[in-house]
There are 2 protein chains.
Amino acid sequence: MSITSDLIRGHTETIILGQLIAKDSYGYEINKAIQEKTDNQYELKEATLYSAFRRLEQAGFILSYWGDETTGARRRYYSITPLGKEAYRQNKQDWERAKELIDRLI
Amino acid sequence: MSITSDLIRGHTETIILGQLIAKDSYGYEINKAIQEKTDNQYELKEATLYSAFRRLEQAGFILSYWGDETTGARRRYYSITPLGKEAYRQNKQDWERAKELIDRLI
DNA sequence: TAAATATACCTTGACAGGCGAGGTATATAA
DNA sequence: TTATATACCTCGCCTGTCAAGGTATATTTA
């Protein structure tokens with residue numbers, strides 16, 4: 001943990017979209033993947049994660065559907081839309097630019 | 001402009017502290033320097049700038065004093081404190097870490 | 001078998017930083 | 001005299017994060 005949220009703020013949606021480009025997934029799995037990718041240095045708080053899903057779906061960047069689990073807890077799967085893929089590309093580009101600017105400034 | 005504020009959020013204070021390490025300065029000048037450094041790609045909004053000054057002074061990271069201009073508008077100068085320098089070093093380190101994490105995730 | 005843990009979802013309300021909009025004042029250029 | 005540049009400031013809204021709380025199923029442990 002420890003990485004302050006303000007440094008990640010604004011990347012949450014991009015991170016989620018990035019996960020969904022690889023494959024359809026659900027909240028719990030996405031968060032586990034994030035933790036693994038960062039060697040447990042970062043995780044999304046649940047409230048943050050689920051409110052991001054709402055925004056992304058609202059914006060037409062993702063679609064959701066219930067999984068057909070016959071056992072265990074139900075899962076709401078998300079898939080990325082073409083619009084979402086475009087947003088991801090744009091966000092990634094913005095990040096490259098922002099990174100360069102911030103490096104210049106600090 | 002254009003760089004969304006959420007990507008910069010959390011860097012405002014570090015950027016200001018970074019400017020003040022070079023030399024004492026005042027709001028207007030700091031903002032001009034930021035614009036120059038980024039080829040006019042970025043600027044702090046005034047409300048953002050001045051509220052950041054308040055926080056930084058409150059935290060003991062900077063001190064302020066009025067300039068002795070005999071002409072033109074008055075200037076409130078800021079200088080960075082040892083505590084502010086330490087905060088700057090820490091923030092910069094956090095940035096390096098965050099950058100690496102975000103690059104892994106998106 | 002009871003309790004704890006892991007999986008999996010969700011909402012509410014508070015908080016903090018960014019910023020639009022508005023304001024003040026001095027000096028210079030058109 | 002009007003506009004622009006310099007230089008400061010505040011108020012109140014907006015948005016994303018997250019602590020705290022809740023629900024339900026399955027497995028592991030005591």
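Heavy-atom basis, side chains included; hydrogens, waters and symmetry copies ignored. Every value quoted in this text rests on a predicted model; they were computed, and no experiment measured them. Residue numbers begin at 1 in each chain, while the letters A, B, ... track the order of the sequences.
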Out of C:dT11, D:dC8, D:dA24, minimum distance to the side chain of A:R54 belongs to C:dT11
One should read off an interatomic distance between B:Q93 CD and B:N91 CG, to the nearest 0.5 angstrom, of 10.0 Å
In whole angstroms, the gap separating C1' of C:dA25 from CD of B:E69 amounts to 13 Å
Rounded to the nearest 0.5 Å, the CG atom of B:L20 sits from the CZ atom of B:F61 at a distance of 13.0 Å
d(A:R104 CZ, B:Q41 CD) to nearest 0.5 Å is 5.5 Å
Atom CD of A:E43 and atom C1' of C:dA6 are separated, to the nearest Å, by 15 Å
By nearest-nucleotide position on DNA chain D, the 5'-leaning member of A:T70 and B:Y78 is B:Y78
Item to complete: Test A:Q35 against A:K32 for side-chain contact (heavy atoms from CB on, under 4.5 Å), laying out the working first.
Response: CA-CA 5 Å; A:Q35 289 170 46; A:K32 286 287 170 217; 4.1 Å; yes
With the side chain defined as heavy atoms from C-beta on, B:T71 is closest, among C:dA27, C:dT7, C:dC10, to C:dA27
In this structure, OG1 of A:T12 is separated from CD1 of B:I106 (nearest 0.5 Å) by 11.0 Å
Rounded to whole Å, CG of A:L49 lies from C1' of C:dT11 at a distance of 14 Å
One should read off an interatomic distance between A:E43 CD and A:T48 OG1, to the nearest 0.5 angstrom, of 10.0 Å
Query - N/O (side chain, A:Y50) to phosphate O (OP1/OP2, C:dC9) under 4.0 Å - result: yes
Rounded to whole Å, CZ of A:R76 lies from C1' of C:dT7 at a distance of 17 Å
So OG1 of A:T14 and NZ of A:K92: to nearest 0.5 Å the spacing works out to 10.5 Å
Here the distance between atom C1' of D:dC9 and atom CZ of B:R75, to the nearest Å, is 17 Å
- Task: Check the surroundings of atom CD in A:E69: do more than 12 heavy atoms from other residues, nucleotides or ligands lie under 6.0 Å from it?
- Result: yes
In whole angstroms, the gap separating C1' of C:dA25 from CH2 of B:W66 amounts to 11 Å
Taken to the nearest whole Å, OH/B:Y28 to P/D:dC9 is 15 Å
Each nucleotide N or O in nucleotides 15-17 of chain D that has a protein N or O under 3.5 Å away: list the pair and distance.
{"from": "D:dT15", "atom 1": "O2", "to": "A:R9", "atom 2": "NH2", "distance (Å)": "3.4"}
{"from": "D:dG16", "atom 1": "O4'", "to": "A:R9", "atom 2": "NH2", "distance (Å)": "2.7"}
{"from": "D:dG16", "atom 1": "N3", "to": "A:R9", "atom 2": "NH2", "distance (Å)": "3.3"}
{"from": "D:dT17", "atom 1": "OP1", "to": "A:T12", "atom 2": "OG1", "distance (Å)": "2.7"}
{"from": "D:dT17", "atom 1": "OP2", "to": "A:R55", "atom 2": "NH2", "distance (Å)": "3.2"}

note: B:F53, atom CZ; C:dG17, atom C1'; distance rounded to Å ~ 16 Å
Set out, in order, the CA-CA distance, both residues' side-chain angles and the distance that settles side-chain contact (heavy atoms from CB on, under 4.5 Å) for A:R75 and A:E29, then state yes or no. CA-CA 10 Å; A:R75 299 169 178 167; A:E29 186 178 53; over 6 Å; no
Heteroatom pairs (N/O) under 3.5 angstrom, protein to nucleotides 21-23 of chain D:
none

N/O (side chain, B:Y26) to phosphate O (OP1/OP2, D:dA7) under 4.0 Å
yes
